[in-house]
Number of protein chains: 2
Amino acid sequence: MQLSRRADYGIRLLLELSMLPEGSRTSTEEIANKQRIPITFLSKIARQLAQAGLVRAYPGLGGGLELGRDPRSLTMLDAIQALEGPIAIARCTLHPHECPRSAFCPMHQVWKKMEAQMVDELSRITFDQLAQAETRAIAG
Amino acid sequence: MQLSRRADYGIRLLLELSMLPEGSRTSTEEIANKQRIPITFLSKIARQLAQAGLVRAYPGLGGGLELGRDPRSLTMLDAIQALEGPIAIARCTLHPHECPRSAFCPMHQVWKKMEAQMVDELSRITFDQLAQAETRAIAG
DNA sequence: CGAAACCCCGACTATTATACTCCGAAATGC
DNA sequence: GCATTTCGGAGTATAATAGTCGGGGTTTCG
């Protein structure tokens, strides 16, 4: 029941990009150094986020990464779904047909409800908010 | 972000016990057969639940398992904590001192809030409720 | 007493998921 | 053409999960 490092790193990458001045870029390496993340791993994660459209990547000299979407509408839910796939506490909510108990299992609804709550909560949190909170926390 | 099989099996074991008529017992093997769970694994899980006090185990002929607590006050939270440890989405909420970002990291609060919601939700769900729901679902 | 039906315990193994690493290739800008 | 940067995929290492095994102990019953 824990977030993977992949997700942790990916979120930190997105947060770094969100804190960048509008229109500017950084390289994967810079973020890796700043956040103490193995660069080869982070670059793989960056690619994954690029494929999901959350990040735009430019190869070549002067290239780098920038946010692929407006940080005011980019949510934690988007990030986690791109990095870890759908929010699913139990296998049975994703693949109900694979569980012989699904017809009458009372846990099914429990998980469903919790997942819905998580989705709801995560979708309220934007990277713009996070970036501002972090900026304030560092400044203050 | 998924519940382990261990937790899944353990919950099913507790649910089986909760559906038993007051004061009666079953063996680990019966539950394993009914729920299609490898018996050696389930017996290990049963021990764990016994050590946590959620289950009482009696060796010997006519022995077996019974619930260690009143199903009306035994919650899903108790079960998951006994089976998987504390609810912690991110490492940093459990061990904030290990994270150099903890002082200013805006995600910390996000995770804390979500964890609190999960704890709250899970602690509302008792095995008595679940057992009744399943009984109804099978009967109906 | 002895057998059968139970659980206890720890060590061991297998499998899978995670967390990386590596390297050649392609794009870009000077 | 060279430095910088991402791309893509294959490969490896480590750790967590899932499960097995064998010996030992209790309890009940005949």
Side-chain angles (χ1 to χ4, degrees), chain A residues 1-13 16-17 20 24-68 80 83-85 88-91 94, chain B residues 1-13 16-17 20 24-33 35-68 80 83-86 88-91 94:
Chain A
M1 281 301 274
Q2 270 198 353
L3 220 60
S4 64
R5 240 167 246 222
R6 165 178 230 95
D8 177 18
Y9 295 164
I11 289 170
R12 272 146 74 184
L13 184 148
E16 283 293 330
L17 294 182
L20 240 48
S24 59
R25 299 178 189 165
T26 339
S27 68
T28 306
E29 188 174 11
E30 266 191 85
I31 297 181
N33 290 339
K34 188 164 174 194
Q35 294 281 343
R36 306 286 175 80
I37 299 170
I39 184 175
T40 53
F41 191 27
L42 187 61
S43 83
K44 208 172 165 180
I45 295 169
R47 247 180 291 156
Q48 188 178 352
L49 289 169
Q51 277 163 359
L54 306 202
V55 154
R56 264 195 292 270
Y58 302 91
L61 224 184
L65 305 175
E66 68 184 29
L67 226 47
I80 291 185
L83 291 159
E84 302 227 299
I89 292 176
R91 270 159 274 272
L94 262 188
Chain B
M1 280 302 272
Q2 269 198 354
L3 219 60
S4 64
R5 237 166 248 218
R6 165 179 231 92
D8 177 18
Y9 294 164
I11 289 169
R12 272 146 74 184
L13 184 147
E16 283 292 331
L17 295 182
L20 241 46
S24 60
R25 300 176 188 166
T26 339
S27 68
T28 306
E29 187 174 13
E30 266 192 87
I31 297 181
N33 290 339
Q35 294 281 344
R36 306 285 175 82
I37 300 171
I39 184 176
T40 53
F41 192 27
L42 187 61
S43 81
K44 210 172 163 181
I45 295 169
R47 243 181 292 157
Q48 189 178 351
L49 289 169
Q51 278 162 359
L54 306 202
V55 155
R56 263 194 293 270
Y58 301 91
L61 224 184
L65 304 175
E66 68 183 29
L67 226 48
I80 291 186
L83 291 160
E84 302 227 299
I89 293 176
R91 270 161 274 272
L94 262 188

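In what follows, every chain begins at residue 1, and chains take the letters A, B, ... in the order their sequences are listed. As the structure is a prediction and not an experimental result, all values here were calculated from the model.
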Is [X] near enough to [N] that one of its side-chain N or O atoms lies under 4.0 angstrom from OP1 or OP2?
{"X": "B:Tyr9", "N": "D:dA18", "answer": "no"}
{"X": "B:Arg47", "N": "C:dC7", "answer": "no"}
{"X": "B:Gln51", "N": "C:dC9", "answer": "yes"}

Which nucleotide wins on minimum distance to the side chain of [X], given the candidates [options]?
{"X": "A:Glu29", "options": "D:dA18, C:dC7, D:dT5", "value": "D:dT5"}
{"X": "B:Ala57", "options": "D:dT6, D:dA18, C:dC7", "value": "C:dC7"}
{"X": "B:Ser27", "options": "D:dT28, C:dC20, C:dC7", "value": "C:dC7"}
{"X": "B:Pro59", "options": "C:dC6, C:dA19, D:dG19", "value": "C:dC6"}
{"X": "A:Thr40", "options": "C:dA19, D:dT20, C:dT21", "value": "C:dT21"}

- prompt: For B:Ile37 and B:Arg12, what are the C-alpha separation, side-chain angles and deciding distance, and is it a side chain to side chain contact (heavy atoms under 4.5 Å, CB included)?
  reply: CA-CA 10 Å; B:Ile37 300 171; B:Arg12 272 146 74 184; 4.0 Å; yes
Can you check the [X] [atom1] to [N] [atom2] distance for me, whole Å?
{"X": "B:Arg91", "N": "C:dT18", "atom1": "CZ", "atom2": "P", "result": "11 Å"}
{"X": "B:Tyr58", "N": "D:dT28", "atom1": "OH", "atom2": "C1'", "result": "15 Å"}
{"X": "A:Asn33", "N": "D:dT5", "atom1": "CG", "atom2": "P", "result": "11 Å"}
{"X": "A:Phe41", "N": "C:dA17", "atom1": "CZ", "atom2": "C1'", "result": "11 Å"}
{"X": "A:Arg5", "N": "D:dA13", "atom1": "CZ", "atom2": "P", "result": "18 Å"}
{"X": "A:Gln35", "N": "C:dA19", "atom1": "CD", "atom2": "P", "result": "16 Å"}
{"X": "B:Ile39", "N": "C:dC8", "atom1": "CD1", "atom2": "C1'", "result": "14 Å"}
{"X": "B:Glu84", "N": "D:dA16", "atom1": "CD", "atom2": "C1'", "result": "12 Å"}

- prompt: Hey, does the side chain of B:Arg91 reach the backbone of A:Leu3 with a donor-acceptor pair shorter than 3.5 angstrom?
  reply: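 Between the backbone of A:Leu3 and the side chain of B:Arg91 there is a qualifying donor-acceptor contact (under 3.5 Å).
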message: Both A:Lys44 and A:Gly64 contact DNA chain D. Which one's nearest nucleotide lies toward the 5' end?
response: A:Gly64
message: Using the rule given for side chain to side chain contact (heavy atoms under 4.5 Å, CB included), can you reason through A:Thr40 versus A:Lys44, listing the C-alpha separation, both sets of side-chain angles and the distance that settles it, and then say yes or no?
response: CA-CA 6 Å; A:Thr40 53; A:Lys44 208 172 165 180; over 6 Å; no
task: Please round to the nearest 0.5 Å and tell me the distance separating atom CD1 of A:Ile89 and atom CE of B:Met1.
output: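 Between A:Ile89 CD1 and B:Met1 CE, I get 7.0 Å after rounding to 0.5 Å.
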query: Just checking B:Thr28: base, sugar-phosphate only, or nothing, at a heavy-atom cut-off of under 4.0 Å?
result: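 Sugar-phosphate, backbone atoms only, no base.
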task: Report the C-alpha separation of A:Leu17 and A:Ile31 in whole Å, then their side-chain angles, then the decisive distance to 0.1 Å, and conclude whether the side chain to side chain contact (heavy atoms under 4.5 Å, CB included) test is met.
output: CA-CA 9 Å; A:Leu17 294 182; A:Ile31 297 181; 3.9 Å; yes
